[in-house]
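Below is one structure; the comments refer to it alone.
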Amino acid sequence: MKMSHLFAPTLREDPGEAEIVSHKLMLRAGMIRKLAAGVYSLLPLGLRVIQKVSNIIREELNRAGAQEIFLPVLLPSELWKETGRWDVYGKELFRVKDRHDREFCLGPTHEEIITDIARNNIRSYKQLPINLYQIQTKFRDEIRPRFGVMRSREFMMKDAYSFHATEECLQKEYKNMYDTYCRIFDRIGFKYKVVNADSGIMGGGFSQEYMVLADTGEEEIFYCEECAYAVSSEAKKSDNCPKCEGKSLNKTRGIEIGHIFQLGTKYSEGMKATYLDENNEEKPFIMGCYGIGVGRTAAAAIEQSHDKDGIIWPMAIAPYKVVIVPANSEDPEQMVMAKKIYGDLNHEETVLDDRPGRLGMKLKDADLIGFPIKVIIGKALKDGKIEIKLRKSGEVKLVEIGKIVEEINDLL
RNA sequence: CGGGGUGUAGCUUAGCUUGGUAGAGCGCCUGGUUUGGGACCAGGAGGUCGUAGGUUCGAAUCCUAUCACCCCGACCA
């Protein structure tokens, strides 16, 4: 991609509407623009990050045996009345009527719909277990949307639902999803904790939240350095770790980006969703559900990794991995070399800053957008060398022209 | 929904108290000089002052209503 062609309207100053750093930087880097409170347009850089997060989630879930589906956003009220959530969900549910005055809502989550599919299409224990997921826009009329895409009314979410014949089978899949989520967040490069949580309106039994550690996180969490134990502030019972006796708990803040639930039979009983077991007896499905906030994951990455100059993307979800910057756009030799290197690299992950203008302006934009690798073609070219500068560490390497492509590819 | 606050050019904002020509910086356009961390000079475009009423000879400024947005609280990926 050529920078002169890329639609990334960067802002030099902080927009007044943004309070937290990820919101400010997503606006300044030209990733998002607001349409209404809690409703955001994704521009090319923002969409690319969302797609990279989605792809990692998709790869790991597929590998874990889940199957991707795509459910409607527009949902008839009948299913919601079956479980009682038409009333329980309250004002947070976006309700609409069609021309015949039939009531619908815009999907905030899809337990009812997936359970309806299961009861209509799964009859035998032999068809279990199964885990179905989708990556889709969700709607929740939040009481107070805030912090950009961190808490918006329209947002991208991955939601998965599993169906089981036995409690043991649910436990096994829950553990499978637990591990899968760890792989997903490890791949992105997060520092995170898994804490026991309140299930809220989802209901059911046990649930755990994945919290990305960041000073600006909305929730206070406590964790033990010795073992994996972590807990959110409202559930904390003592100052010491219950597993490692006497060890005191450390306090930090986190952003919830994932939540896994053991639902049990709450929805299947409410909706009479049953299968026949090996004794020809009708049994309600035992269910689990597993969510990840995709947009929030991108915002959390920025909260966790940024500096005064801008975003420091982890390699795995950077919108582009490399930017090539000729120091002087009027210098023909530098431009020829920049284009040659651009030609030798993967265009899908590389931006060539071919704009006229001074080096400082281009580097400021590059640091704001957060490309992990800057390739600067400047003064050292006379000595047959090109500069590689890493966004995260600031480390600078002078590399001989002949080795530059190999060197860059080694860093990806 | 309760409490607090803000709406002036694409962005950041001055002007409002005390009514009388809408101003700046950045960005944008044209020309020139520049080119290693957001350059400089010259010229230029861009404004229903959130909206609707009212007071007044005259309203960005005063009054009323209304809308939008932001922050704190309950909710959540």
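Every value quoted in this text rests on a predicted model; they were computed, and no experiment measured them. Sequence lines set the chain letters: A, B, ... in the order given, protein chains first and strands last, and positions in each chain run from 1.
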Task: salt_bridge(A/K389, A/E395) N-O dist < 4.0 Å - done: no

- [ ] May I ask you to decide whether A/K339 forms a salt bridge with A/D354, counting only side-chain N to carboxylate O separations under 4.0 Å?
- [x] no

Selected nucleotide, minimal atom distance to [X] side chain, candidates [options]:
| X | options | answer |
| --- | --- | --- |
| A/F147 | B/C71, B/U34, B/G37 | B/C71 |
| A/E92 | B/G38, B/C75, B/A39 | B/C75 |
| A/R296 | B/C76, B/C71, B/G36 | B/C76 |
| A/R358 | B/A39, B/C71, B/G27 | B/A39 |

Is there a Watson-Crick or G-U wobble partner for [N] with both distances under 3.5 Å, and which nucleotide is it?
| N | value |
| --- | --- |
| B/G73 | B/C1 |
| B/A60 | none |
| B/C40 | B/G32 |
| B/G10 | B/C26 |
| B/U17 | none |

Donor-acceptor pair, side chain of [X] and main chain of [Y], under 3.5 angstrom:
| X | Y | value |
| --- | --- | --- |
| A/R28 | A/L11 | yes |
| A/E209 | A/V195 | no |
| A/K362 | A/R355 | yes |

TODO: Could you tell me whether the side chains of A/T350 and A/Y320 share a donor-acceptor contact shorter than 3.5 Å?
DONE: no

Task: Donor-acceptor pair between A/H259 and A/E256 side chains, under 3.5 angstrom - done: yes

Distance, [atom1] atom - from [M] to [N], rounded to whole angstrom:
| N | M | atom1 | value |
| --- | --- | --- | --- |
| B/A9 | B/A52 | P | 16 Å |
| B/G7 | B/G47 | C1' | 14 Å |
| B/A24 | B/A14 | P | 15 Å |
| B/U33 | B/G25 | C1' | 23 Å |
| B/U6 | B/U12 | P | 16 Å |
| B/G38 | B/U48 | C1' | 34 Å |
| B/C29 | B/G10 | P | 15 Å |
| B/U13 | B/U30 | C1' | 27 Å |

Between the base of [N] and the side chain of [X], is there a donor-acceptor distance below 3.5 Å?
| X | N | result |
| --- | --- | --- |
| A/K389 | B/G37 | yes |
| A/R146 | B/C70 | no |
| A/N328 | B/G36 | no |
| A/D309 | B/G37 | no |

With sugar-phosphate meaning primed atoms plus P, OP1 and OP2, does [X] contact a base, only sugar-phosphate, or nothing at under 4.0 Å between heavy atoms?
| X | value |
| --- | --- |
| A/L363 | base |
| A/A298 | nothing |
| A/E256 | sugar-phosphate |
| A/D365 | base |

TODO: Establish, with yes or no, whether the OP1 or OP2 oxygen of B/C75 is under 4.0 angstrom from a side-chain nitrogen or oxygen of A/R140.
DONE: no

Task: 5' priority, RNA chain B, between A/K34 and A/R151 [closest heavy atom] - done: A/K34

- [ ] Please figure out whether A/Y210 or A/A37 has its closest RNA chain B nucleotide nearer the 5' end.
- [x] A/A37

- [ ] Would you name the heavy atoms of A/W86 and A/F104 that are closest together and state the gap between them?
- [x] CH2-O, 3.6 Å

Can you pull every protein N or O that's under 3.5 Å from an N or O on nucleotides 11-14 of chain B?
| from | atom 1 | to | atom 2 | distance (Å) |
| --- | --- | --- | --- | --- |
| B/U12 | OP1 | A/G16 | N | 2.5 |

Task: Matching residue for A/I311 among A/R391, A/H306, A/M31 - test: side chain to side chain contact (heavy atoms under 4.5 Å, CB included) - done: A/M31

- [ ] Let me know the distance between NZ of A/K364 and P of B/C26, rounded to the nearest Å.
- [x] 17 Å

- [ ] Would you mind reading off the distance between A/R33 atom CZ and B/C69 atom C1', rounded to a whole angstrom?
- [x] 16 Å

